[in-house]
Asker: 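Please see the structure below; I have some questions.
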Amino acid sequence: MRHVLRRLTTAGLLAAGLVAATNPAMAAPAAPAEHSGTARGEGSAYGLTAIGAVPLAPVPAVSSHSGAARKSLLREDRTEYVQASALDVMARAGHASSSVARLNVPPAGLTAGAVTATCDGGRGATHLTDALVAGRQLDAAPPPNTTVPVDVEGVGRTSLILNKQQRMRDGRLTVTGMELNLPLSKVAKDSTVRVASATCGQAAAPRPHAHPRPRPAAEAPAPTPVKRDLPVAG
């Protein structure tokens, strides 16, 4: 009888040891998944451009999807239709700005001490300093997409858009301080002049700090049967 009890007790101890080593409830908890950051919005900017009858490539122009990029141009006067000085642009992820000083568009009687467009995190604004069209003062902080009628002598009426804001297909915002549709004559093709433009999107959200993963618990060694007599009550 004692031999039978010893065998049963030893078997029970072995079974208990095996269960403790293989029970899923005893396993180490799973490590939390890491959060991936969102894509950054590229920033870009230029100071002055014209398309149409008198084309002018964007100058100066920059773009960046990470750190800040900046360019400046002392003066732009390659055409008789538009001149400007001290053009300065900057762009980085989620932000862009453009500033143009001493703007002069003789056919439309448009002048400005400075035109500045900014875009930050998908929001934009325009600021004008001493801006005049045909001798009329323009608002220093015009609301988005403000349209001002302009009479061009010998040609007719056209339009000037202040603080033009357009949402792009990729979700970024383009802010243009001034956009002027400039008819040069009744028969010639029109030109479109854009002054101080900045484009931006949402910058990437800060990457959360990852919590240290818990180290997995060491597996218990398999129990080794020990042959010995166990005290049996009774």
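Numbering starts at 1 and runs along the sequence shown. Fair warning: this is a prediction, and the values are worked out from it, not measured in the lab. Excluded from the calculations below are hydrogen atoms, water molecules and symmetry mates; all remaining heavy atoms, backbone and side chain alike, are included.
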Asker: So which heavy atom on Ala91 is nearest to which on Ser63, and how close?
Answerer: CB-CA, 4.3 Å
Asker: Assess the residue pair Val100 and Met178 against the criterion (side chain to side chain contact (heavy atoms under 4.5 Å, CB included)); give the C-alpha distance rounded to whole Å, side-chain angles, the decisive distance to 0.1 Å, and a yes or no.
Answerer: CA-CA 11 Å; Val100 175; Met178 289 183 174; over 6 Å; no
Asker: Indicate yes or no: at least one non-hydrogen side-chain atom of Leu110 is less than 4.5 angstrom from one of Val150.
Answerer: no
Asker: Does Ser98 use its side chain to pair, donor to acceptor, with the backbone of Ala45 at less than 3.5 Å?
Answerer: no
Asker: So which heavy atom on Leu48 is nearest to which on Ala84, and how close?
Answerer: CD2-CB, 4.4 Å
Asker: Would you name the heavy atoms of Val175 and Cys119 that are closest together and state the gap between them?
Answerer: CG2-CB, 4.3 Å
Asker: Ignoring hydrogens and angles, tell me if any N or O in the side chain of Gln166 forms a donor-acceptor pair with the backbone of Met168 under 3.5 Å.
Answerer: no
Asker: Same cluster for Met90 and Val115 if Ile/Leu/Val/Met/Phe/Trp/Tyr side chains link at under 4.5 Å?
Answerer: no
Asker: Quick check for you: to the nearest 0.5 Å, what is the distance between Ser85 atom OG and Glu76 atom CD?
Answerer: 10.0 Å
Asker: If hydrophobic residues (ILVMFWY) are linked whenever their side-chain heavy atoms come closer than 4.5 Å, directly or via other members, who joins Val89 in its cluster?
Answerer: Val62
Asker: Please report the shortest heavy-atom distance between Arg167 and Leu173, naming the atom on each side.
Answerer: NH1-CB, 3.5 Å
Asker: So which heavy atom on Asp120 is nearest to which on His95, and how close?
Answerer: OD1-ND1, 2.9 Å
Asker: With a 4.5 Å heavy-atom cut-off, do Leu103 and Val82 have their side chains touching?
Answerer: yes
Asker: Testing the basics here: between Pro60 and Leu87, what is the closest heavy-atom pair and its distance to 0.1 Å?
Answerer: CD-CB, 3.6 Å
Asker: Would you compute the distance between atom CZ of Arg194 and atom CG of Leu180 and round it to the nearest 0.5 angstrom?
Answerer: 11.0 Å
Asker: Report the distance from atom NZ of Lys164 to atom OG of Ser197, rounding to the nearest 0.5 Å.
Answerer: 9.5 Å
Asker: Would you compute the distance between atom OG1 of Thr147 and atom CG of Asn181 and round it to the nearest 0.5 angstrom?
Answerer: 11.5 Å
Asker: For the OG1 atom of Thr199 and the OH atom of Tyr46, what is their distance to the nearest 0.5 Å?
Answerer: 7.5 Å
Asker: Just how far is it from atom CG of Asp190 to atom CG of Leu182, taken to the nearest 0.5 Å?
Answerer: 7.5 Å
Asker: Pair up each side-chain donor or acceptor in residues 123-142 with any protein partner under 3.5 Å, not counting sequence neighbours, and list the distances.
Answerer:
| from | atom 1 | to | atom 2 | distance (Å) |
| --- | --- | --- | --- | --- |
| Thr126 | OG1 | Asn163 | OD1 | 3.0 |
| His127 | ND1 | Ala140 | O | 3.4 |
| Arg136 | NH2 | Pro149 | O | 3.0 |
| Asp139 | OD1 | Ala141 | N | 3.3 |

Asker: Would you tell me whether Ser72 and Asp88 have side-chain atoms, one donor and one acceptor, within less than 3.5 Å of each other?
Answerer: yes
Asker: Just by distance, no angles: are the side chains of Ser64 and Arg92 close enough, under 3.5 Å, to form a donor-acceptor pair?
Answerer: no
Asker: Please say yes or no: joined through hydrophobic side-chain contacts below 4.5 Å, possibly via intermediate residues, are Ile161 and Val148 part of one cluster?
Answerer: no
